[in-house]
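Beneath this line is the structure, given in structure tokens, with notes to follow.
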Amino acid sequence: MARPVGARSTHRRPPPTKLRGTRGLIGWLFVVPALAFYAVFVLRPIALTFQYSLYKWDGIGPSTWVGPANYGKVFTDPDLFDSLINAFQLIVFFSAIPVVLGLAIAATIRRIAASRLALVARTVLFLPQVIPLVAAGIAWSWLLASTGVINQFLSLLGLGTVTRAWLGDFSTALPAVGMIGAWVLLGLCTLLLLAGMSKIDPALYEAARLDGAGAWREFISITVLSLRQEIAVCVTVTVIAALASFDIVYISTQGGPGNTTMVPGLQIYYLAFSEREIGTASALAVVLMFLVIACALPIQWFTKDGNR
Amino acid sequence: MITAWREAWTGRLLLVGMMAVTVLPFLSLFVTALHPSGTYPPGLAWPSNPQWGNFLRAFEAANMDELLISSVLIVLGVVPISILLGTMAGFAIGHLRVIGSRALFLTFVLGLTLPFEGIITPLYYQIRDMGLLNTRWAIILPLIGLFMPFSVFWMRAHFINMPEELSESARMDGANVWQLFRRIHVPLAMPAISSLGILLFLWTWNQFLLAIVLVDDPTKRTMSGALGAFQGQWGTDIPLLCAGSLLILAPTLAIFLIFQRHFVKALLQGSLKG
């Protein structure tokens, strides 16, 4: 915390008229404190994660160099590899549902955008974004429990046969976790898309109507195309949320039953802090970081190339 | 006309349905919290004898007063410094265009999508070696670093649109760089700064992973991390757990409802730029 204070005092000294200096040393003094925190608490740990991933280490004793063996383990050990597969399956729930459903809902809402109901909805739909994911996890664990509200509804609808402890069942645990994520992200996507729709020129729709385009055609060729950028943002945010999910899974299933809801983030946590396999945990962490960047970058580029 | 009318009503119905789904978990928490502690209430059922005392018991069981203070301390440690450093760096990169600002910017952007799990292991050993494990600094210091990419990215986006003439005229009047920054640019950047503040507050308050890995004592964690511990301790007493969860999410909810317009705006912009 001493850093910004120190930086401040040095800024008073330089002569006021020198313009060129601000691009050099003086300007850099503004960046150095931020860079220092970033280097110590982000860049250094990233580098160390790479380094750890090449060793076998229990966190206490001496470490031994094993080269890429830990990476081999990530892709061959079914427990580790399955966590990656699970993360990709979560994308369906975290991304596809909020984006597709969000588009449909936003398009419908847009027609009544001015009403008081729409204003209230803006606030209510945002609630899941504001609360801790942990609280969302706890609330949904209870909703999805064998005596929870979901099963109560299903029984009311005469579907008593399908009721179960959704988060405890091998076949439904992962989709159930996915639904929690969809609940958290649906409101955000809806509002993002809605905000984007308000920027679309209404003349486009009139022109389409004159050309005799149907509602579906209009939706695809005007709404969806104009919202490319917003859709890309929704997809990026939600894909990252799926790949890097931790809080919800930790609270609702702890990765179980069996390994059916294990995700890389949770696996790293267990490997590093319970099983003391720092090397393997780090190799998985490196893979996760690359996956996130590999998924986020193309989507961003795609948006930048869009002509808006 | 009839189709327009029907469209409007489908829209309303859909909206109400979605709001119901959004609110359902909160409703369920609330109703369950009112049942006698230790019971397994079936779904959504109003209790015959609402136990309002559960909230008081959960408040005491969770040490809510200590948790609130702890979370506030952590927020006070993280948010002002992150804003100050992020704004300064954003100013230098976006407006002063320091030598190498492109490379600097790219370096920061590199961390924009970094999942915290990716660096949590070395971070643990680093914090341990610094002797900070189990203190609030273990959450505060790394979070400042982890929030830097977004803070710099966000503030740069603001400063890059500030006209050069603004600074020229201030310099004519004899202002040095710090004065230029403090007197001219910070006041103009207030909307961007306050949105950033809202986002950083929320992300700090809800931070979970760092809290459970780096701090064992729940009363030194963030609210979210403490809730994790609370679940571990009281997970079998469902009504008490629900009451505790509601209490722990109440502060963010209250602040959100007070500043909702700023929140919605900040979060929408935040995800657009992020």
Side-chain angles (χ1 to χ4, degrees), chain A residues 4 11-12 16 22-24 26-28 30-31 33-34 37-38 41-42 45-46 48-49 105 108-109 111-112 117 121-127 129-132 134-135 138-140 142-143 147-149 152 191-192 195 233 237 240 244 246-247 265 268 272 278 281-282 285 288-289 292 296, chain B residues 7-8 10-12 14-15 18-19 22 25 28-29 32 40 42-44 84-86 88-89 91-92 96-99 104 111 113 115 117-119 121-123 126 141-142 144-146 148 152 174-178 206 208-209 224 227-228 231 245 248-249 252 256 260 264 267-268 271-272:
Chain A
H11 286 154
R12 294 236 168 81
T22 63
R23 296 201 63 225
I26 304 167
W28 267 80
F30 277 78
V31 189
F37 267 97
Y38 182 54
F41 293 103
V42 180
I46 291 179
L48 281 175
T49 301
I105 292 166
T108 322
I109 292 176
R111 308 206 168 97
I112 54 162
L117 183 69
R122 276 177 78 91
T123 305
V124 172
L125 296 184
F126 241 91
L127 289 178
Q129 275 297 304
V130 180
I131 62 164
V134 182
I138 291 180
W140 275 97
W142 177 233
L143 283 176
T147 58
V149 178
Q152 197 183 20
L191 291 191
L192 265 173
V233 170
V237 170
I240 294 174
F246 179 86
D247 304 17
I268 292 167
I278 311 296
S282 300
L288 176 63
M289 287 191 282
V292 168
Chain B
E7 272 178 4
T10 352
R12 280 195 185 127
L14 198 63
L15 209 49
M18 244 199 63
M19 276 157 56
T22 308
S28 155
L29 277 184
T32 311
Y40 284 86
L44 271 184
L84 178 69
L85 302 193
M88 283 169 61
F91 174 69
L96 297 178
R97 318 264 166 108
V98 295
I99 296 159
L104 271 175
T113 57
E117 300 99 319
I119 60 163
T121 316
L123 208 51
Q126 184 171 322
L141 297 177
I144 296 174
L146 283 160
M148 260 324 121
V152 172
N176 66 30
V177 188
W178 176 255
N206 292 343
F208 182 63
L209 178 67
S224 184
L227 185 52
Q231 192 217 24
S245 306
I248 281 178
L249 62 84
T252 29
F256 167 64
Q260 46 169 305
V264 174
L267 276 168
L268 285 182
S271 46
L272 263 180

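First the proteins, then the strands, lettered A, B, ... as listed; each starts at 1.
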Part of [X] within contact of chain A (heavy atom distance under 4.5 Å):
X	value
B:Ile99	both
B:Leu29	side chain
B:Leu14	side chain

Of A:Ile268, A:Thr123, A:Thr147, A:Ile46, the largest count of non-hydrogen pairs under 4.5 angstrom with chain B goes to A:Thr123
Looking only at A:Ala244, A:Ala281, A:Ala135, the option with the highest number of non-hydrogen pairs under 4.5 Å against chain B is A:Ala244
Interatomic distance, [X] atom [atom1] to [Y] atom [atom2] [nearest 0.5 angstrom]:
X	Y	atom1	atom2	answer
B:Met19	A:Leu127	CE	CG	9.5 Å
A:Gln129	B:Asn206	CD	CG	10.0 Å
B:Ile119	A:Leu48	CD1	CG	10.0 Å
A:Ile105	B:Met18	CD1	CE	4.0 Å

At their closest point, which heavy atom of [X] faces which heavy atom of [Y], and how far apart are they?
X	Y	value
B:Thr22	A:Leu125	OG1-CD2, 3.6 Å
B:Met88	A:Pro33	CE-CG, 4.4 Å
A:Gly27	B:Ala92	O-CB, 3.5 Å
A:Val134	B:Ser224	CG2-OG, 3.2 Å
B:Ser28	A:Trp142	OG-CD1, 3.3 Å
B:Pro122	A:Pro45	CG-O, 3.2 Å

| Are B:Pro115 and A:Ile240 side-chain neighbours, meaning at least one heavy-atom pair lies under 4.5 Å? | no
(request) For the pair B:Val98 and A:Phe30, evaluate side chain to side chain contact (heavy atoms under 4.5 Å, CB included) and give the outcome as yes or no after the intermediate values. (result) CA-CA 10 Å; B:Val98 295; A:Phe30 277 78; over 6 Å; no
Whatever's closer than 4.5 Å to a heavy atom in chain B on A:Trp28 counts as both
Inset, instruction - Would you check if the side chain of B:Thr121 reaches a backbone N or O of A:Ile278 as a donor-acceptor pair within less than 3.5 Å? - result: no
Hey, mind stepping through A:Val42 and B:Met148 against side chain to side chain contact (heavy atoms under 4.5 Å, CB included) and telling me if it holds?
-> CA-CA 9 Å; A:Val42 180; B:Met148 260 324 121; over 6 Å; no
Per side chain to side chain contact (heavy atoms under 4.5 Å, CB included), A:Phe41 is matched among B:Ile144, B:Leu123, B:Leu146 by B:Leu123
